[in-house]
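Heads up, the thing below is written out as structure tokens.
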Amino acid sequence: MRREYTCIICPIGCDMTAEIEDNEMVSLVGNNCAKGRVYVQQELTNPIRTIATSVLVKGGELPLASVRLNKPVPKASLFKVMAEAKKVILLAPVRIGQVALQNVAGTGADLVVTKHVDTIH
Amino acid sequence: MENKDVIIIGGGPAGLAAAVQLYKLGITNILILEREKHLGGILRQCIHDGFGLQRFGESLSGPEYAQRFIDEVRELNIPYMTEVTVTEVTAGRKVTAISRRGVMEFQAKAVALTMGCRERTRGAISIPGTRPAGVYTAGVAQSYMNLANIMPGQEVVILGSGDIGLIMARRLTLEGAHVKAVFEVQPYPSGLPRNIEQCLNDYGIPLFLSHTVVDVKGHSRLEGVTVAQVDEQYRPIPGTEQEYNCDTLILSVGLIPENELSLGAGLTLDSRTKGAVVDEDYQTSCTGIFAAGNVLQVHDLVDFVSIEAERMALSIQECFLSSQFGNAEIEIVVDASISYSVPQKTTGKKDFTLSLRPKRPGRNCTVFVKQENVTIARKKFAKVLPAEMIQLAIPAERIDPEKKLEITLI
Amino acid sequence: MRDNTYDILIIGGGVIGSSVARELSRYRLRIGVLEKELDVACGNSCRNTGMLHAGFTYKPGSLKAECAVEGNREFDQVAQELDIPFKRTGKVVVGFSDEDMQNILRFKRIGELNGVRGLEMIDKAKLNQIDNSAGGEFALYSPDSGILNPMLYNIALAENAHQNGVDFFFDSEVKAIKRQGEHFQVTAGDSVFSSRWIVNCAGMHCVTISEMLGLHGHQVKGFKGEYYVLDKKASQFMNIPVYPAPNAKGGFSTHATPTVDGNILVGPDSYITEDPDDFASTRDHMQGLVKDGSAIFKHMKAEYFIRNFAGTRWKRVDPETGDVLDFLIENRDDHPGVVNLIGIESPGLTCALPIARRVVAKIQEKEVLEVNNDFNPYRKGIVRFAEQSKERKKELIATDPDYGEIVCRCETVTRAEIVQAINNPLGAVTLTGIKNRTRACMGRCQGGYCETRITALIQEQCKVREHEVMYQHKGSGMFIGKVREVLDGE
């Protein structure tokens, strides 16, 4: 079976066409580098994604601090990650790089703060 | 009246990069004027990653990318003011700004316009129907969700497959809203392919090309929209109308460089980019007024915004050193295959980077930069998309000062 | 426990109801206004061209003609008293053909019969002097015509009335009216009111209220008109209202009018609607406006489009013949205590205060009204920072630093003005109300920059939660809640 993919590894976004049989990649055309092949393979076996979201901050200049996963997690676990993120409350001041939640939903990835939020005066 | 060598209007990615570069080049009598409470510009609300891959080799979120530059501004002690709104820039480079402290006036040797852009509105594209609550441009919805902790709605339809709309489709879905569909008036998506993948396909959100919203319904709050297929002239095709119930309509229908101040200074705008006409120094038609970033042309990668701003800073320094601001006379024209080019003129005396956007998607094509029959530069591409800016280096030594540069994409 | 007993209840807080309220507050009376929406100026009072008509298009001897001329003459003083923007720009009605000349001359004659001053026929040269972008071989020049901001006029009338003791009740749709001896019992919103007099200023719903009052047999017909609002940049090409010559029936086709704030309005067109709440813009009519608008105003281009709106002129019609009739202001002996206004459509804005005085006169025919010596005709509006001199701007910021925080970039509206608008005397707080009072959100970015700031200020000043922020109408909540809830009740 033929399937189209647009690679998301780098901004070039190669359009690739793969021949798939029994969920195995038989052939691949259109990729500019080896990462494209790795990407398609990953998509077939265990699609992974990173996401960004927000967590509550108490006592901060802003009500939210943006966070993101520090490494990709299985696509299927994204909503579980979100459910965990919704429970997090950080205390201002909050700094970029601070770990908001470790090993989110057992994925091995951490939710890391991506925005400084100072304490409100 | 305070004298400054350079006033930078806007402390977003372009303004910050320009400021840092100017400072490193030894131009220190500069001032960044930013209207928000914090530096960073629009990046502050762009919490998704994908920024900085080119620049830093990492996939950062908007706030992180901005913070890299803000940290440098602080380390170098570059002067900046926040919560200041510039209300006027004159051709003579007098800058008037308003803040809680009063009205300030500056006389600048050079002004760097880095104000970014605004979103195209419902009214600008004449969407018929009522005017209920629940219609938001994507950037405003993003600001509500990411900065104000406010959820705009629950049942969502998105018009426009630009990157901001796609990002918001994902954001809304992850926060529990139901994004029913994305409609795009063009026959191809406006946003980057990786966003179509990660924001729509991942969540099973359908994308309908060659469609638009033809009616908005609801008295107090939005109740639904009518969508229809469009023909090659973007006219709705009768009989193709479909109703979608929704309480939220997100519009991602284009960005317009924010040039109201520029108009006040009397500089010439390019009707295609809606940004200033500039030469390879990023100097506008007003001597000593420069522009870079989204205010000049809408970019798709913030990394290129920073690079463009840094090139502008370098040019400002060169102008100061040579005590003259150049006079570009060689026209750069594009044909029907290309939407626009930046710069639009050149002096022909220095190498420069040409930015352009193809008008339509294409495969295995080449950009030719010619002067009559002589090819000055060319670059081959496996794939081109209107959503992705193309850049190529133009060597000055090959330029004939008597002829214009013609760009085509074949 | 509030005492809901009034001498006079006015149904409708539009420009007519607010004018009546203001004029009645010159007398010692307990006056209340019952407004269905969350603010004044929510019906057709905010959906019109903002013209101060001179009075040359109305049948001589009619109330429309009489009130238009009267309202026009006094408006410089009215605008000064109420502190609202107004420009007596004059107006030209241009023509090309002999037929145009006949139709235009007819207006001149009618105008002169009605007492309109200064009407003159001018040639092309004089026309170009007055407005060099107006196309036409000749024109009727009406120096007394003018332009005003109808929302601010309505708001100013209401605020002045309130200042002079009138109570305004919002979200108070009149559901039932019962006569109880010398009084009426009126159920409106969640409350019951009692009053000796009722003045029906319900505009598009005037017949509904008239029926409730037992005054049957009136009929109104809705002539809906759509508009385009164009960017201020387009107004550099048009100084004064330029109307094309009327057709033989005296009707005007699509025209373009500058607004007192510097935008251009293209429209209205005209078609029938049956629904008093029908304010939708429709594709066919929008396309028609673009086509006709481009013919008379060459800057009718998408790059200048800001937004669209629609309004409806509810004309009183003869139930038998369907002919359009004059304004009706009636007080019938068999229905004491009621002043019934039917069909107050264009030129309702121009005629508002003259109509209000006639309402007062009707009441005075039946009872002696004691003059309110404390009546103050002067009302102060919100100072527009954008219009002040540099020196004055500095002074304003020095007294209140909120003037140094620009919230609406496109229209240069400061935080001080937004806060004043939120804390307005009538107590009405919607995003649209703030827009009407300050010009915020009316610019080319349509709130792209300021809307998030204004909604934050509403929450802060009124101490309301996000789902309580209203866009305009009841139930027009802008947000459904928070993205992240604070769980411990903070």
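Labels below follow one simple rule: chain letters A, B, ... track the order of the sequence lines, proteins then strands, and each chain is numbered from 1.
- Atom CZ of A/Arg49 sits about 9.5 Å away from atom CZ of B/Arg170, to the nearest 0.5 Å.
- Looking at B/Arg44, both its backbone and its side chain come within 4.5 Å of chain A, counting heavy atoms on both sides.
- Only the backbone of B/Ala148 comes within less than 4.5 Å of a heavy atom in chain A; its side chain stays farther off.
- With a 4.5 Å cut-off on non-hydrogen atoms, A/Asp15 touches chain B through its backbone and its side chain both.
- For chain A, no part of B/Phe381 is nearby; none of its heavy atoms comes within less than 4.5 Å.
- Contacts between B/Thr173 and chain A at a heavy-atom distance below 4.5 Å involve backbone atoms as well as side-chain atoms.
- Around the CZ atom of B/Arg378, the shell of radius 6.0 Å holds no more than 12 heavy atoms that belong to other residues, nucleotides or ligands.
- Nearest heavy-atom pair, B/Pro63 versus A/Thr114, reported as atom, atom and distance to 0.1 Å: CB-O, 3.2 Å.
- Looking at B/Leu60, the atoms closer than 4.5 Å to chain A (heavy atoms on both sides) sit in the backbone and in the side chain alike.
- The choice from B/Glu64, B/Lys383, B/Glu197 that makes the most heavy-atom pairs within less than 4.5 Å of chain A is B/Glu64.
- Looking at A/Lys75, only its side chain comes within 4.5 Å of chain B, counting heavy atoms on both sides.
- Closest heavy-atom contact between A/Thr6 and B/Pro193: CG2-CB, 3.0 Å.
- Nearest heavy-atom pair, B/Leu147 versus A/Leu62, reported as atom, atom and distance to 0.1 Å: O-CD2, 4.3 Å.
- Between B/Tyr203 and A/Leu78, the closest heavy-atom pair is OH-CD1, 3.5 Å.
- One finds the CD atom of A/Glu4 at 12.0 Å from the CG atom of B/Asn201 (value rounded to the nearest 0.5 Å).
- Atom CD of A/Glu24 has 12 or fewer heavy atoms from other residues, nucleotides or ligands within 6.0 Å.
- Contact detail for B/Asp49 and A/Thr50: the closest heavy-atom pair is OD2-OG1, 3.3 Å.
- Closest heavy-atom contact between B/Ile47 and A/Ser54: CD1-OG, 3.9 Å.
- Ranked by heavy-atom pairs shorter than 4.5 Å toward chain A, the options B/His48, B/Gln198, B/Lys37 are led by B/Gln198.
- In this structure, a donor-acceptor pair under 3.5 Å is present between the side chains of B/Glu175 and A/Thr53.
- Residue B/Lys359 places its NZ atom among more than 12 non-hydrogen atoms of other residues, nucleotides or ligands, all under 6.0 Å distant.
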Go through B/His38 and A/His116 one step at a time and tell me if the side-chain contact (heavy atoms from CB on, under 4.5 Å) criterion holds. CA-CA 11 Å; B/His38 302 275; A/His116 291 335; over 6 Å; no

